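Single-structure report; data block below.
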Amino acid sequence: MPEQGGRKISGTIVAKKGECAWGHKVGDKFQLNGYTPDGLCGFFYHTVYPYLMMLQFGGQFPEDWGGSVLQFECPDFVNAVRIELRPE
């Protein structure tokens, strides 16, 4: 595998409503980067990918928006799963 570079990003499922079709549960953890979703649902990975790349290569939002710790909901708003992304 080629050198990936950048920071390692951890993703943790922090909330869920309904039943996730992929089977994600609160507390599930992932090691994410721009090359692999590490078991995260493909639709959810597609949603967080731009922000994942930003965090992996040193970017962040302003502190009052969350800085480098970000949370996102999956696109299934009926059975929404929320993930927190955090650089290690």
Side-chain angles (χ1 to χ4, degrees):
M1 174 179 277
E3 179 63 36
Q4 295 176 359
R7 300 185 290 185
K8 292 181 180 181
I9 308 298
S10 63
T12 304
I13 302 298
V14 294
K16 178 181 81 106
K17 68 177 182 181
E19 290 300 318
C20 172
W22 198 257
H24 293 315
K25 299 177 287 310
V26 172
D28 287 352
K29 295 184 184 287
F30 307 91
Q31 291 298 311
L32 302 167
N33 60 53
Y35 298 95
T36 179
D38 189 35
L40 185 66
C41 163
F43 293 112
F44 207 174
Y45 182 72
H46 182 266
T47 299
V48 301
Y49 181 82
Y51 307 102
L52 174 63
M53 294 300 294
M54 175 189 70
L55 292 173
Q56 184 175 342
F57 293 103
Q60 68 178 37
F61 283 122
E63 286 303 319
D64 58 338
W65 289 8
S68 61
V69 178
L70 309 174
Q71 289 190 7
F72 299 94
E73 280 193 355
C74 74
D76 180 356
F77 62 90
V78 173
N79 298 297
V81 173
R82 180 172 285 273
I83 193 168
E84 180 176 276
L85 302 179
R86 174 185 301 270
E88 295 182 356

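Just so it is clear, the structure is predicted and the values come from calculations on it, not from any experiment.
- No more than 12 heavy atoms of other residues, nucleotides or ligands shown are found within 6.0 angstrom of CZ on Phe43.
- Within 6.0 Å of OH in Tyr51 there are 12 or fewer heavy atoms belonging to other residues, nucleotides or ligands.
- Between Val81 and His24, the shortest heavy-atom contact is CG1-CB, 4.4 Å.
- To the nearest 0.5 angstrom, Asn79 atom CG is 15.0 Å from Trp22 atom CH2.
- The minimum heavy-atom distance between Pro87 and Ser68, with the atom names listed, is CD-O, 3.0 Å.
- The backbone N or O of Gln31 sits less than 3.5 Å from a side-chain atom of Asp38, completing a donor-acceptor pair.
- Considering every non-hydrogen atom in both Gln60 and Gly67, the closest pair reads CB-O, 3.5 Å.
- Looking only at side-chain heavy atoms (C-beta outward), Leu70 and Met54 come within less than 4.5 Å of each other.
- Using a 4.5 Å cut-off between side-chain heavy atoms of Ile, Leu, Val, Met, Phe, Trp and Tyr, with links allowed through other members, Phe57 and Leu55 fall into the same hydrophobic cluster.
- One hydrophobic cluster holds both Leu52 and Phe61 under the rule that ILVMFWY side chains link at heavy-atom gaps under 4.5 Å.
- Around CD of Glu88, the count of heavy atoms belonging to other residues, nucleotides or ligands within 6.0 Å exceeds 12.
- Under the 4.5 Å side-chain contact rule for hydrophobic residues, Leu40 and Met53 share a cluster.
- The two residues Val26 and Lys16 make their nearest non-hydrogen contact at CG2-N, 3.9 Å.
- Two residues are said to be in side-chain contact when any heavy atoms from C-beta on lie closer than 4.5 Å; Ile83 and Leu32 meet this criterion.
- In plain terms, the two heavy atoms of Ile9 and Gln56 that are nearest each other are CD1-N, 3.8 Å.
- The distance from the CD atom of Glu84 to the CZ atom of Phe72 is 10.5 Å, given to the nearest 0.5 Å.
- Distance check: Gln71 CD to Arg86 CZ gives 9.0 Å after rounding to the nearest 0.5 Å.
- Heavy atoms only, all atoms of each residue included: Arg7 and Gly59 are closest at NH2-O, 3.4 Å.
- Side-chain contact between Lys25 and Ile13 is absent, with no heavy atoms from C-beta onward closer than 4.5 Å.
- Formation of a donor-acceptor pair under 3.5 Å by the Lys17 side chain with backbone atoms of Phe77 is found in this model.
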